[in-house]
Amino acid sequence: NVYHVYKNGDWLWTVMHGGGVDVLDFSQQKRYNYVHDAKDSTTISSNLARSLLVTKAGEKWIGTDNGLNKVIEDTQGLPKAFERHLKNKKIYTLKEDAVGNIWVGTLSNGLYKLYKNSTHFENFNRKDGLPGHSIFGILEDENHNLWLSTNNGIAQFNPIEKSFTNYDYSDGLDNIEFNFNAYYKTNQGEMLFGGTNGFTLFNPKDISPSYFVSPIALTKLKVQNQEVKVQKNGILTKVLNETKEITLPYNNASFSIAFASLDYFNPENITYSYKLEGLDENWVSKSGQSEATYTIQNSGDYLFRLKAR
């Protein structure tokens, strides 16, 4: 099964699911085949190859069912070795953004960012707001947001804020389960994603974000994994949502705060962001999970902030 082809002069690179990678040299009428060898760690990590990315700097990256491979070329430009990354991850799609970072869409393991000129990967998954664990297509709009087709709708990802805005049936999509190798961006900036029920076409310019701010209620406090009840002389003297501050011993400050949005129309698409000032440097964004857990080891004053959209 041929999943990707790339022509470079007289050479044609072919990525095959079951056959590794071929390079066809038309001028010399030669075929070079590169396959996995379990005894040689410099070979491609799997013969089940799916995707090929050629970066602006000319680097070649190949996604397989057993991780990501950077092609190390010889003086002719042919592969002499493969540098392996993301072992045991099924790679479905690859995208280089405008500044040179590489984004990797996987089956069941979410989104990875490989920072430019680095070997550092950062993972984003459902706990961070991604609507589904599998990503089949990645496109970038003119504002440098990424648009992702997943197994549970389409997500817009803001790389600066590291936040997701998700779209599903309730937003007018006919598809929420998409297919790999079925995505395209037109010269006019329109985006197409193919799914199990045809394809979805839109222009990101026409997508208006909702500025509705969901009201939120704090619903439950747990200390040492035990729910705290309202008591006259206890930690809570009235319900949590009406409590302005609580006091905990520093050696007993393992606690969690549960919360809920009062948006009953579309609660599954609510993304919560929270931070504990004095402990968290950045906002933590999560979709579907409505509880924050902390362990504080230093005495002091801390402020819990929460928002939803």
Side-chain angles (χ1 to χ4, degrees), residues 1-6 12-24 31-55 59-73 78-97 101-115 118-128 130-139 146-155 157 175-184 193-196:
N1 295 321
V2 175
Y3 280 176
H4 201 115
V5 293
Y6 167 69
L12 182 72
W13 291 66
T14 307
V15 172
M16 297 172 290
H17 195 254
V21 175
D22 270 1
V23 179
L24 305 178
R31 170 180 176 260
Y32 304 91
N33 181 236
Y34 302 89
V35 295
H36 173 68
D37 183 347
K39 297 179 181 179
D40 187 352
S41 62
T42 67
T43 61
I44 192 168
S45 59
S46 172
N47 291 333
L48 302 174
R50 289 182 179 272
S51 53
L52 169 66
L53 171 69
V54 181
T55 69
E59 293 179 344
K60 295 179 180 68
W61 294 82
I62 297 170
T64 76
D65 279 9
N66 186 27
L68 180 65
N69 298 258
K70 180 181 180 182
V71 179
I72 308 301
E73 299 180 347
L78 290 169
K80 67 176 181 180
F82 294 83
E83 182 182 283
R84 301 178 183 180
H85 302 269
L86 299 179
K87 182 180 178 181
N88 297 326
K89 305 297 188 294
K90 287 188 176 183
I91 312 300
Y92 269 38
T93 183
L94 300 169
K95 172 67 179 176
E96 181 186 23
D97 66 20
N101 302 307
I102 294 175
W103 297 87
V104 184
T106 71
L107 178 70
S108 302
N109 287 282
L111 177 70
Y112 285 87
K113 176 184 181 180
L114 173 60
Y115 286 82
S118 169
T119 57
H120 172 63
F121 288 86
E122 183 176 6
N123 180 237
F124 303 89
N125 51 48
R126 293 196 67 170
K127 293 188 295 184
D128 304 299
L130 191 65
H133 283 306
S134 297
I135 297 174
F136 303 121
I138 305 174
L139 296 172
L146 299 180
W147 291 82
L148 318 172
S149 58
T150 78
N151 62 313
N152 190 32
I154 289 176
F157 179 64
N175 285 306
I176 63 166
E177 186 169 352
F178 290 86
N179 295 327
F180 73 96
N181 276 1
Y183 57 97
Y184 182 73
F193 292 103
T196 57

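Residue indices begin at 1 and follow the sequence shown. Given the structure is predicted, the values throughout are model-derived calculations rather than measurements.
Between Trp13 and His4, a ring centre-to-centre spacing not shorter than 6.0 Å is recorded. Taking the centre of each ring, Phe157 and Trp147 stay at or above the 6.0 Å mark.
Taking the side chain as every heavy atom from C-beta outward, Glu96 and Trp103 never approach each other to under 4.5 Å. Between Thr106 and Lys90, every side-chain heavy-atom pair lies at or beyond the 4.5 Å cut-off. The closest side-chain heavy-atom distance from Trp61 to Ile102 is below 4.5 Å. Leu78 has its side chain within reach of Tyr32: a pair of non-hydrogen atoms, C-beta onward, lies under 4.5 Å apart. Ser51 places none of its side-chain heavy atoms less than 4.5 Å from the side chain of Ile62. Taking 4.5 Å as the limit, every side-chain heavy atom of Asn101 sits out of range of all side-chain heavy atoms of Leu114. Taking the side chain as every heavy atom from C-beta outward, Leu86 and Val104 approach each other to under 4.5 Å.
With sequence neighbours excluded, the residues forming a side chain to side chain contact (heavy atoms under 4.5 Å, CB included) with Thr43 are His36, Asp37, Asp40, Arg84, listed by chain and number. With sequence neighbours excluded, no residue satisfies ring-ring contact (aromatic ring centres under 6.0 Å, His included) with Tyr184. Legend: residues meeting side chain to side chain contact (heavy atoms under 4.5 Å, CB included) with Tyr183, ordered by chain and number and at least two apart, are Thr93, Leu139, Phe193. With sequence neighbours excluded, the residues that form a side chain to side chain contact (heavy atoms under 4.5 Å, CB included) with Asn1 are Tyr3, His17. Remark: Asp128 engages Phe124, Asn125, Phe164 in a side chain to side chain contact (heavy atoms under 4.5 Å, CB included) (not counting sequence neighbours).
For the pair Ala49 and Val15, the tightest heavy-atom approach, listed with the atom from each and the gap, is CB-CG1, 3.3 Å. Residues Val21 and Ile44 share a closest heavy-atom pair of CG2-CD1, 3.7 Å.
Taken from CG in Asp65 to CG in Leu48, the straight-line distance is 4.5 Å, to the nearest 0.5 Å. Interatomic distance, Leu146 CG to Lys113 NZ, rounded to the nearest 0.5 Å: 9.0 Å. The CG atom of Asp97 sits 10.0 Å away from atom CD1 of Ile138, with the distance rounded to the nearest 0.5 Å.
The closest donor-acceptor contact from the side chain of Thr55 to the backbone of Glu59 lies under 3.5 Å. With Asn69 contributing its side chain and Thr64 its backbone, the two residues share no donor-acceptor pair below 3.5 Å. The main-chain N or O of Asn66 is found under 3.5 Å from a side-chain atom of Ser45 such that the two form a donor-acceptor pair. Under a 3.5 Å cut-off, the side chain of Asn33 and the backbone N or O of Gly19 do form a donor-acceptor pair. At least one donor-acceptor pair closer than 3.5 Å links the side chain of Asn123 to the backbone N or O of Leu111.
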I'd like a table of donor-acceptor pairs (distance under 3.5 Å, sequence neighbours excluded) in which one partner is a side-chain atom from residues 130-137, with atom names and distances.
unit_1	atom_1	unit_2	atom_2	d
Ser134	OG	Ser108	N	2.9

Inset, instruction - Report the C-alpha distance between Tyr6 and Val54 in whole Å, list the side-chain angles of each, state the deciding distance to 0.1 Å, and finish with yes or no for side-chain contact (heavy atoms from CB on, under 4.5 Å). - result: CA-CA 9 Å; Tyr6 167 69; Val54 181; 3.8 Å; yes
Inset, instruction - Kindly indicate, with the supporting measurements, whether the criterion side-chain contact (heavy atoms from CB on, under 4.5 Å) is fulfilled by Asn179 and Thr196. - result: CA-CA 7 Å; Asn179 295 327; Thr196 57; 4.1 Å; yes
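For the side-chain contact (heavy atoms from CB on, under 4.5 Å) test with Leu68, the passing option among Phe82, Tyr112, Phe121 is Phe121; the others fail.
Salt bridge status for Lys80 with Glu73: absent, with no side-chain N to carboxylate O gap under 4.0 Å.
Between the side chains of His120 and Glu122, no donor-acceptor pair of N or O atoms lies under 3.5 Å.
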